2 protein chains.
Amino acid sequence: MAKKKIETPATTEEKIKEAARKVFMRKGFSATRTRDIAEEAGINLALLNYYFRSKQRLFEEVMQEKIQKLLGTLVPIMNDAELTLEEKIEGIVSHYIDVLSANPDLPMFVLNELGKNNFSIVKNANLDKVISQSSFVKQLRERRNDLNPVHFIISIFGMIIFPFVARPMMFLTGMTNEKSFILLMNERKALVPVWAKAMLKAK
Amino acid sequence: MAKKKIETPATTEEKIKEAARKVFMRKGFSATRTRDIAEEAGINLALLNYYFRSKQRLFEEVMQEKIQKLLGTLVPIMNDAELTLEEKIEGIVSHYIDVLSANPDLPMFVLNELGKNNFSIVKNANLDKVISQSSFVKQLRERRNDLNPVHFIISIFGMIIFPFVARPMMFLTGMTNEKSFILLMNERKALVPVWAKAMLKAK
DNA sequence: GTCTATAAGGGGATAGAC
DNA sequence: GTCTATCCCCTTATAGAC
């Protein structure tokens, strides 16, 4: 039975990066001190600069990974020629709820930092063209040529991602807690596709 | 013909606060330097501490306002006894899209900072109880007793708020630009209620 | 109330020993 | 490769003149 991650290869470099992922994700770039990362990694501050030259460079490596994790898996599903529109929707919803449940802070982190600095990775990916030429959007246009696909896409992703962005607020207000949040997100795997299909038919 | 804001009463205190709103909203608490605020306000750094004691206190005043702006107008609409469920949905959508269009950074700012620190204003508001006892939720339960209202509420707000949270990313990817974003949001005032109604009927 | 000057400390980065 | 000690700039906050 194969495991996804070996026990702890944990080179020093990887220990620092892992600590950086944790601290940056929780506090964001500005509020993070390199000293926090060093402590979390159980190493000395100097080593951080030895391996990564600067806070900025370390951050960019982490950020790149996280952008990839958030956006990189989208296009393959949208272009899977085997799947109907409904199946793609189910796939996207299910996949993203799984990914985000395992990384609840991911969307807040990426979307927030993306708003503060320009990351060329995103700009150069030409996501707009890739998406608008995707099989998903073609199927969507065939089904509803009166509907701007952007509206539909934003709405589906709003239903998927927004709960995670609003999660701290939901905890604070008592609308939910850690345990029931997980249950809610699991329920949404079935619910959101049902609603998406209803939206496709609505005039 | 009455104007909403008088030209510029602009006491020094208000100039500082206005500058603080601007800078904090754009950069967040940690990345904001009091020097930035002082410069933006056209005053000296010392005056900031004279009027507000510390960066933290100034931030809390701004934050309180912003939380109020984002959450404070919700409950009145949800409890308006005159309105049907459908009318409430239309009212919420239309109201929030107007507010957020005038303050596009508001949701990212509030949700992000809320995740970093605990603001007692939010905790003490008992939003969960107020909402769950609202006329809106009662009507929702009557219509669909098989549906957890939280799912519906998250989804509607996802469709309303998520575009604003994802706005920087949408600009970066070229999915939209400042001008077409405004048009999109206006279209959504009609579209989201239509979809919400379809969701209410979907089984 | 508003300014200039400065104290006090935080935080990123490096020198240099081991 | 890893550590300790330190540099030095940046930032918040205050003292004190006007």
Side-chain angles (χ1 to χ4, degrees), chain A residues 6-66 105 109 112-119, chain B residues 6-66 109 112-113 115-119:
Chain A
I6 308 301
E7 295 306 320
T8 41
T11 65
T12 300
E13 181 168 357
E14 188 48 41
K15 273 198 293 185
I16 296 172
K17 211 165 175 181
E18 186 55 34
R21 288 186 192 102
K22 196 167 166 181
V23 182
F24 277 138
M25 282 266 275
R26 201 175 56 237
K27 310 223 265 185
F29 176 76
S30 295
T32 293
R33 296 171 307 156
T34 50
R35 283 168 165 80
D36 296 337
I37 297 175
E39 190 185 0
E40 175 73 35
I43 54 96
N44 187 279
L45 175 56
L47 275 180
L48 190 151
N49 291 81
Y50 174 76
Y51 281 104
F52 295 96
R53 283 276 298 164
S54 74
K55 177 186 177 184
Q56 183 65 37
R57 280 170 190 271
L58 175 54
F59 176 73
E60 277 162 17
E61 290 203 25
V62 171
M63 188 68 183
Q64 190 127 358
E65 278 183 17
K66 297 302 180 184
D105 295 337
F109 173 74
N112 183 47
E113 299 292 345
L114 229 46
K116 317 264 190 245
N117 309 288
N118 285 8
F119 286 86
Chain B
I6 308 300
E7 296 304 322
T8 41
T11 64
T12 299
E13 181 168 356
E14 188 49 40
K15 274 198 293 186
I16 296 172
K17 211 164 175 181
E18 185 54 34
R21 288 186 192 102
K22 197 167 165 180
V23 181
F24 277 139
M25 282 267 274
R26 202 174 56 238
K27 310 223 265 184
F29 176 77
S30 295
T32 293
R33 296 170 306 156
T34 50
R35 281 171 164 76
D36 297 336
I37 298 175
E39 191 185 357
E40 176 74 35
I43 53 97
N44 187 280
L45 175 56
L47 276 179
L48 190 152
N49 291 79
Y50 175 76
Y51 281 103
F52 295 95
R53 283 277 298 162
S54 74
K55 177 187 177 183
Q56 182 66 37
R57 280 169 190 271
L58 175 54
F59 176 74
E60 276 162 17
E61 289 203 25
V62 171
M63 187 68 184
Q64 189 129 358
E65 277 184 17
K66 297 301 179 184
F109 173 74
N112 183 46
E113 299 293 343
K116 317 262 188 251
N117 308 288
N118 285 8
F119 287 86

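Computed over heavy atoms, backbone and side chain alike; hydrogens, waters and symmetry mates excluded. We name chains A, B, ... by the order of the sequence lines, and we start the count at 1 in each one. Since the model is a prediction, treat every value here as computed from it, not as a measurement.
For R57(B), the side-chain contact (heavy atoms from CB on, under 4.5 Å) partners are R53(B), S54(B), not counting sequence neighbours. Residues meeting the side-chain hydrogen bond (donor to acceptor under 3.5 Å, both in side chains) test with K22(A), sequence neighbours left out: E40(A). Among residues two or more places apart in sequence or in another chain, the side-chain hydrogen bond (donor to acceptor under 3.5 Å, both in side chains) test is passed with E60(B) by Q56(B). Under the salt bridge (charged side-chain N to carboxylate O under 4.0 Å, His left out) criterion, E13(B) pairs with no residue, sequence neighbours left out. Every side-chain hydrogen bond (donor to acceptor under 3.5 Å, both in side chains) that E65(B) has, sequence neighbours left out, goes to R21(B). E61(A) pairs by the side-chain hydrogen bond (donor to acceptor under 3.5 Å, both in side chains) definition with K17(A), not counting sequence neighbours. Checked against side-chain contact (heavy atoms from CB on, under 4.5 Å), N44(A) has the following partners two or more places apart in sequence or in another chain: A46(A). Every residue meeting the ring-ring contact (aromatic ring centres under 6.0 Å, His included) condition with F29(A), not counting sequence neighbours, appears here in chain and number order: F59(A). Listed by chain and residue number, D36(A) satisfy the salt bridge (charged side-chain N to carboxylate O under 4.0 Å, His left out) test with K27(A) (two or more places apart in sequence, or in another chain).
Reading DNA chain C from its 5' end, the first and the last nucleotide to sit under 4.0 Å from a heavy atom of chain B are dG1(C) to dT4(C).
Interface residues of residues 28-49 of chain A facing DNA chain D, ordered by number: N44(A), A46(A), L47(A); criterion, heavy-atom separation under 4.0 Å. Listed by residue number, the members of residues 50-65 of chain B with any heavy atom below 4.0 angstrom from DNA chain D are R53(B), S54(B), K55(B).
To the nearest 0.5 Å, atoms OG1 (T34(A)) and CZ (F52(A)) are separated by 13.0 Å.
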